[in-house]
Every structure is written in C-alpha cells, then in structure tokens.
Amino acid sequence: MNNRELFLSHVGQTSTAPLALEIIRAYGCRLVDVTEKEYIDLIGGISVCNIGHGHPKVIAAIKQQVDQYMHIMVYGELVQSPQVQYAQMLSSYLPNSLNAVFFTASGSEATEGAMKLSKRYTNRTQIVSFKHSYHGSTQGALSIMGDEYWRNAFRPLLPDILQLRYNSMEDLEQITTRTACVIAETIQAEAGVIVPSKAWLKALRDKCTQTGTLLVLDEIQCGFGRNGSLWAFEQFDIVPDILLLGKALGGGMPLGAFVADKKIMDSLSHNPVLGHINTFGGHPVCCAAGLAAFRVLLEENIVESVNEKERLFIHALSSWMHELPASKKISIRSKGLMIAIEFENFEINKSVIDALIAATDGGLAVFTDWFLFASNCLRIAPPLTISDADILLACDRIKQVISSM
Ligand code: PMP
C-alpha cells in the first residue's frame, strides 16, 4: 500500500472525503506534494503558519532545544527556560492585566481551562457563548459551540450554557450576576469572517464589568497579527479578562494558552490544588519554537504589512467580480488576512476549491478550503508573509477558475 492508502485505512478519519494530498515539503508560502506539484498555501495550516513555513530561526530554536531537553516533567512543576521566557515575552506585549500565561497543548484545552478558571474564580456556573462560534472540539468546548448540527450527536453536553446572538445589543441583557464568563471570538472565524461592531464589543465588555462576569476573548485563530494588529481586541479598545491563544502561538508546533491576571489565575492552584493540570502543556520544544516565531513576527514587521496585503487581495478580486454575470455573483468579507469569498452554495464553493487544488497551470496550484459554519465560503488565510506576487497569482487563479465555470 502507498502512503495515501495507508492514510485512508489506518489513520482515524474526520470525514468521508479528506483531501488526502501527500505533502513532502513546505517553505515560505508554498506546499509541495509527492509528485513535486507546488501549491500557493492560502490556508497556512488554518492560521497557524503566520510567519510562513520553515523559517530558519524557528528551525534553529527547535534544534537547539531538542539538544538540551525535550519532555522532562508534567506542566507546572519545573522551571523550563523556553516556557518562562515565552510567558514573559507574551505578557510584555499584552495589557498589564494579562500577565499570567497557563500553557496547554491545544486551543481546545485553553478553552477548557478558561471555562474552569471562570467557574472557580467567580463561584458561578453559567457560561455564555455565541451562535456560530467555534472554540474547540472537546466536550466543554463543544458545549459552547454555536452550531447545533455539530453538537447534537454528542449530547448530553455541559449544563448551564446560554447562547446569544453575536453582535446583538439586545441579547447582552441576558448576561447577569449568575454568569461566570462570556466567551467570544474577537472576530468570528469559522462563521466565515464575521466582524462585530466596536460598539457591541464595548457594550459586552461593560456588561461583563457591571455583572462581575469574566470576559474571555478567543484569539486562537485571529491573534498574532492575522487581523492587522498583534491582538484583534486592540482594534476595539477593550481588554478581556482572559485571552485564549493557540495555533500561531506555537510557531508550527502544538501549543495553546489561556492568559489572565495572576490574581485570577492563582485560583487554580488551591481548593482544589492542581485545579487544572496537563502533561504536555508548554512543551519546551513548542515554547522554543513559539518564542522564536513571535520574535520573527515582531522583528520582521510582519503585522504592519497585513492591511496592505488585505487591500491587494480585495482590490484584485473586487475590481473583477463586478464583471461576473448575475448567475455567478460572489461577495467578499475580510479582516486583515482572514478573507471569505461567499458563493451561493457549498456545491459551487467546493467545485472552485477542487479546481484550484487540481490546477496544474505552470505546475502551480492554489491550496484553500471552506469554513466550518460557512461551507459556501472559500477561505483565504495565508501565511502573513505571502508575497505580493503570490497574492496576485492566487487571485488570477481564483478568477480564472470562477470565470470558466
Ligand atoms: N478557537 C478557535 C477560534 C479556533 O479556530 C480553534 C481551532 N480551529 C480552536 C479554538 C480550537 O483549537 P484546537 O484545534 O487547537 O484545539
């Protein structure tokens, strides 16, 4: 059996139609498959590879850490240099009240930790989340997921969850002194790039403050520069009580975190002791990689280039989409390098995605996919380092494919 057949028969599957491409190399904004076919990567590992694939400084940091030590002890007991250096560095680029970083091995675990921390700290039970939100796939995170289709088969889920409409002022009234925390993505990603109004996020912040409810912002997908500022919440002039990080946090290695004020965070250390524990959170190799990637993000001024690249994408696409006949109408939403092209339905979107991946014009294809709660939207969320030339090439391919359908 070849690797593709082994993948299909021996690796746990998440769908009946996986892409099942075998990638053998990745560099910058490119993926290369086993046939040496090259793809412009418009996904970046789903907002993980913000500084591109294979950055030499990240690779060097990983190699250096591997030579020193890998796993030595469960999270939270030993002083591990990459972990403390990274926690300190993150704190110094966050508002003063976000000064204690609890490392996990994934984004979902960060969500779980923040839910537990909120209950423990406030001594309340209700958790509020929003329609079309995605915070992970474990049972707690699934319980607050904002889409019944994906949740229903796994009931019973956590009790005392209230789901409100994202961006609805009216619904904020339902947050009360019973609410332990409200969890929201600063920009909803899997809903197909939904940007809330500044007034709404500010009102949400105020409501949480008035009721003593902790505001948890999930920047697992929209953090680390993806939306044009280092943290998306900066653009809304608010500060969360707990921040969820993941994906790009590990520079390509698995790492998640929830960040809070030490006064809040310390409540996980007593009554009961070891209130939240894990084996691999803050793995030294992952922290070394994440720290190196974070430094690159800052040193190479990558975040500053995001809005200009967004404009290039939008200009290239919108200047042409007006020419499309009514039967092929599309619309575009974006926030930084998180862009959704909306088609009439999933079938059209899927055939565009498949054609982009299959294309071999000049040996270059385009790698993209759809959004979990917006299957009619095509995802454009490349490494933030994508070149202008690749942006234009990718847009040309997208235009060709849509026009020829
Ligand atoms: N929150 C958001 C906004 C996400 O996009 C994701 C992953 N897609 C998660 C949480 C869960 O992260 P992980 O897959 O690392 O558990």
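Every value quoted in this text rests on a predicted model; they were computed, and no experiment measured them. Indexing begins at 1, ligand by ligand and atom by atom, following the structure's order.
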Taking both backbone and side-chain atoms of [X], is any N or O found less than 3.5 Å from an N or O belonging to ligand 1?
X    : value
T111 : no
E109 : no
Q221 : yes

Validation row, ring centre [X] to ring centre [Y] under 6.0 Å:
X    : Y    : value
W200 : F130 : yes
H132 : Y166 : no
W231 : Y93  : no
F258 : F103 : no
F294 : F224 : yes

Any salt bridge between E300 and K57, counting N to O under 4.0 Å?
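The answer is no: the pair does not qualify as a salt bridge.
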State plainly whether the residues K350 and D354 are in salt-bridge range, i.e. N to O under 4.0 Å.
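Salt bridge present between K350 and D354.
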Tell me whether K247 reaches ligand 1 (any heavy atom closer than 4.0 angstrom to a ligand atom).
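K247: in contact with ligand 1 (<4.0 Å).
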Does I46 come within less than 4.0 Å of ligand 1, judged by its heavy atoms?
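So I46 does not count as touching ligand 1.
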Considering only protein heavy atoms, which is closest to [atom], and at what distance to one decimal place?
atom                    : result
atom 14 (O) of ligand 1 : S108 OG, 4.4 Å
atom 1 (N) of ligand 1  : D218 OD2, 2.7 Å
atom 2 (C) of ligand 1  : Y134 O, 3.3 Å

Tell me the contacting part of E185 for ligand 1: side chain, backbone, both, or neither, using a 4.0 Å heavy-atom threshold, strictly below.
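It is the side chain that touches ligand 1; the backbone stays farther off.
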Just going by heavy-atom distances, which of G107, A141, A105, P254 is nearest to atom 13 (P) of ligand 1?
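Answer by nearest heavy atom: G107.
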